[in-house]
Protein chains: 2
Amino acid sequence: MLSLHQLTVFLAVYEQGSLTRAAEELGYAQPSVSEQIRGLERTLGVTLFRRVGRGVVPTTVADTLRPHAERTLAAAEETRLAAQRVKRFETGTIRFGMFGVARLYAGAGLVADVLARHPGVRVELVGQNSSEVAEDLRRGRLEAAMIAMPSVESEGMQVTPVARDEIVYISADPETLSSPITAKKLAQASLVMPETTWRSTDSVRTLLRQMLHETGVNPATRIEVEDVEIAVELVGLGLADSVIPRGAAVQLLPRLAPNAGWVSMKPKLYDMFAVVHRAGATLSPAAQLMIELATKRIQSIATPM
Amino acid sequence: MLSLHQLTVFLAVYEQGSLTRAAEELGYAQPSVSEQIRGLERTLGVTLFRRVGRGVVPTTVADTLRPHAERTLAAAEETRLAAQRVKRFETGTIRFGMFGVARLYAGAGLVADVLARHPGVRVELVGQNSSEVAEDLRRGRLEAAMIAMPSVESEGMQVTPVARDEIVYISADPETLSSPITAKKLAQASLVMPETTWRSTDSVRTLLRQMLHETGVNPATRIEVEDVEIAVELVGLGLADSVIPRGAAVQLLPRLAPNAGWVSMKPKLYDMFAVVHRAGATLSPAAQLMIELATKRIQSIATPM
DNA sequence: CGAATCTATAGGCTCAGCCTTGAGATCGCA
DNA sequence: TGCGATCTCAAGGCTGAGCCTATAGATTCG
């Protein structure tokens with residue numbers, strides 16, 4: 001079997017024209033070098049050096065093989081270097097899970113943070129919905145993720161809360177916003193709920209259901225959409241009200257529904273942000289970096305825990 | 001230390017997504033594959049696969065490293081193939097020593113023979129004079145050579161005669177050619193001697209000296225030139241006569257001195273062609289090929305021995 | 001919830017690969 | 001010509017890499 005070691009020794013002998021000098025250069029004893037060359041000659045089935053009195057002389061076969069050996073060793077070295085560069089975040093890909101409204105808190109800004117520190121890396125923020133992220137984590141395609149309160153059953157998953165954010169009621173009607181929203185008011189409301197929020201915030205969904213159930217009314221969502229942005233736009237158009245995390249409201253209302261505002265619920269509800277990864281896993285430096293930066297960014301908007 | 005074996009196993013695992021399946025593909029037991037991957041991860045200092053329940057999943061580091069690993073293995077394979085091609089004479093360089101008048105007998109035609117059999121190879125016929133060829137053989141730069149009777153001291157050299165050729169006297173004067181040249185006639189002649197012939201044909205030189213000495217005359221060479229071609233041309237111009245091997249005369253006279261002819265010496269003298277290489281060396285297939293072809297070609301002109 | 005599947009670990013074996021020592025060959029110089 | 005220096009090769013011993021079998025632990029699937 002051909003080996004990089006054999007090629008290294010071959011080149012050393014070729015350049016030195018002597019087994020002894022090659023051995024010195026490589027830090028080996030001379031017989032070891034001799035054995036390597038013999039082994040290479042045997043595996044290739046050719047004679048590489050003519051043993052002639054004092055020293056050895058490369059054959060024309062050795063001349064032919066030399067550039068190939070050099071290319072092979074260069075490629076191997078390049079492989080090694082690539083690993084080192086990835087280790088130092090000079091290159092490579094960092095993949096991180098993030099779904100639900102979490103991306104509103106730490107999406108583009110998080111990517112910017114990573115690129116500011118490590119200009120060479122590729123960043124992938126993956127995850128459309130909770131089940132996809134949960135699946136990716138379970139299957140190992142994702143090492144870690146930042147999510148807005150997992151409906152992910154924590155089967156074998158380690159969930160670490162990092163911040164919480166109030167759930168608020170948003171509306172384009174100033175009258176509605178004049179006082180906190182009680183269960184009774186909520187039951188009478190006409191709501192648009194984004195799928196992402198709805199699905200990702202288990203506690204909120206449960207609490208909302210509870211509040212609605214108390215009034216004897218079934219799901220009051222008049223409209224269901226995929227993106228929270230669309231929900232906010234619809235609120236801005238006065239077609240419905242909605243319930244979203246405060247950070248999302250602060251960030252989206254001015255841009256998508258400048259005429260709308262937000263008010264607390266009564267009692268107050270909270271959404272939760274958490275880091276999640278497989279229980280018992282040792283996190284890679286890349287994952288640790290992403291967790292650190294995402295946590296920092298989310299905690300600057302929501303309330304640290 | 002990085003090894004090709006590790007990279008091979010790495011790619012197998014990457015493609016199969018499973019240590020067990022990779023082990024089957026490679027014909028190993030599963031723990032061996034596990035050990036190789038662990039070794040590679042240790043030498044590179046990175047995590048390549050996330051062990052997750054059933055099977056393993058490549059990390060982004062593995063994604064980055066894969067093309068490098070593939071390139072490295074491809075280069076190694078190319079090295080191996082290059083050796084095989086050289087072995088089969090599909091490519092590579094064949095170097096063969098040949099000096100003196102031998103090239104007139106087997107020069108261009110010999111190259112043609114080699115290329116006809118092995119179109120891919122490079123052919124080098126090296127050697128200007130006997131001492132250079134002798135030195136190259138001694139130093140190992142040349143594996144074997146076909147020479148016209150060595151002044152090479154056969155110190156550690158194995159010399160195998162393959163043919164002999166008569167030494168003839170050439171002249172542009174028909175009168176001179178009417179009968180064999182005796183020592184007496186030779187002493188009176190005005191000669192042009194080519195360095196190559198002069199130096200390479202030890203026996204001839206000795207015999208000529210002897211013949212001349214018997215008549216009490218010192219070296220009768222009026223002109224000394226480097227190439228036998230020039231000597232023949234001078235003979236054609238009628239400026240001097242010369243003494244060269246018969247084969248050379250047959251080949252060169254019609255072309256360079258059509259008005260000249262040749263006649264035997266009396267007693268007859270013979271030049272010798274021989275294969276020479278280091279004593280005790282096992283000849284490479286390339287050298288054996290050259291010896292075979294060169295011998296065949298020379299023997300078709302000169303007298304086999 | 002049990003069977004199947006997969007990885008990790010432990011223990012044992014063989015051989016590659018390194019070392020040291022010494023023999024054999026060659027070269028350079030007195 | 002002979003002797004010392006230099007170099008390769010051969011032999012023997014040692015360590016560790018690498019492979020195996022058997023088994024435990026974890027996860028998935030029916």
Hey, which of these two, B:Glu35 or B:Arg21, hits DNA chain C nearer its 5' end, going by closest nucleotide? B:Arg21

Send over the distance from [X] [atom1] to [N] [atom2], rounded to a whole Å.
X       : N      : atom1 : atom2 : value
A:Met1  : C:dG17 : CE    : C1'   : 17 Å
B:Arg38 : C:dA8  : CZ    : P     : 7 Å
A:Gln6  : C:dA16 : CD    : C1'   : 11 Å
A:Glu24 : D:dC7  : CD    : C1'   : 11 Å
A:Gln36 : C:dC19 : CD    : C1'   : 13 Å
B:Leu19 : C:dC6  : CG    : P     : 10 Å
A:Ile37 : D:dT8  : CD1   : P     : 11 Å
A:Arg51 : D:dC7  : CZ    : P     : 16 Å

List the steps, then state whether side-chain hydrogen bond (donor to acceptor under 3.5 Å, both in side chains) holds for A:Glu143 with A:Ser284. CA-CA 8 Å; A:Glu143 186 180 0; A:Ser284 71; 2.8 Å; yes

Are a donor atom and an acceptor atom from the side chains of A:Thr93 and A:Glu124 found within less than 3.5 Å of each other? no

Taking the side chain of B:Arg139 as its heavy atoms from C-beta onward, which of D:dC7, C:dC19, C:dG28 lies nearest to it? C:dG28

Candidates C:dG17, C:dT20, D:dC20 - which lies nearest the side chain of A:His5: C:dG17

Mind checking if A:Gly27 touches a base, just sugar-phosphate, or nothing, with heavy atoms under 4.0 Å? sugar-phosphate

Verify, without hydrogens or angle tests, whether B:Arg278 (side chain) and B:Met157 (backbone) share a donor-acceptor contact under 3.5 angstrom. no

Measure distances between side-chain N and O atoms of B:Gln30 and base N and O atoms of C:dC6, and say whether any donor-acceptor pair falls under 3.5 Å. no

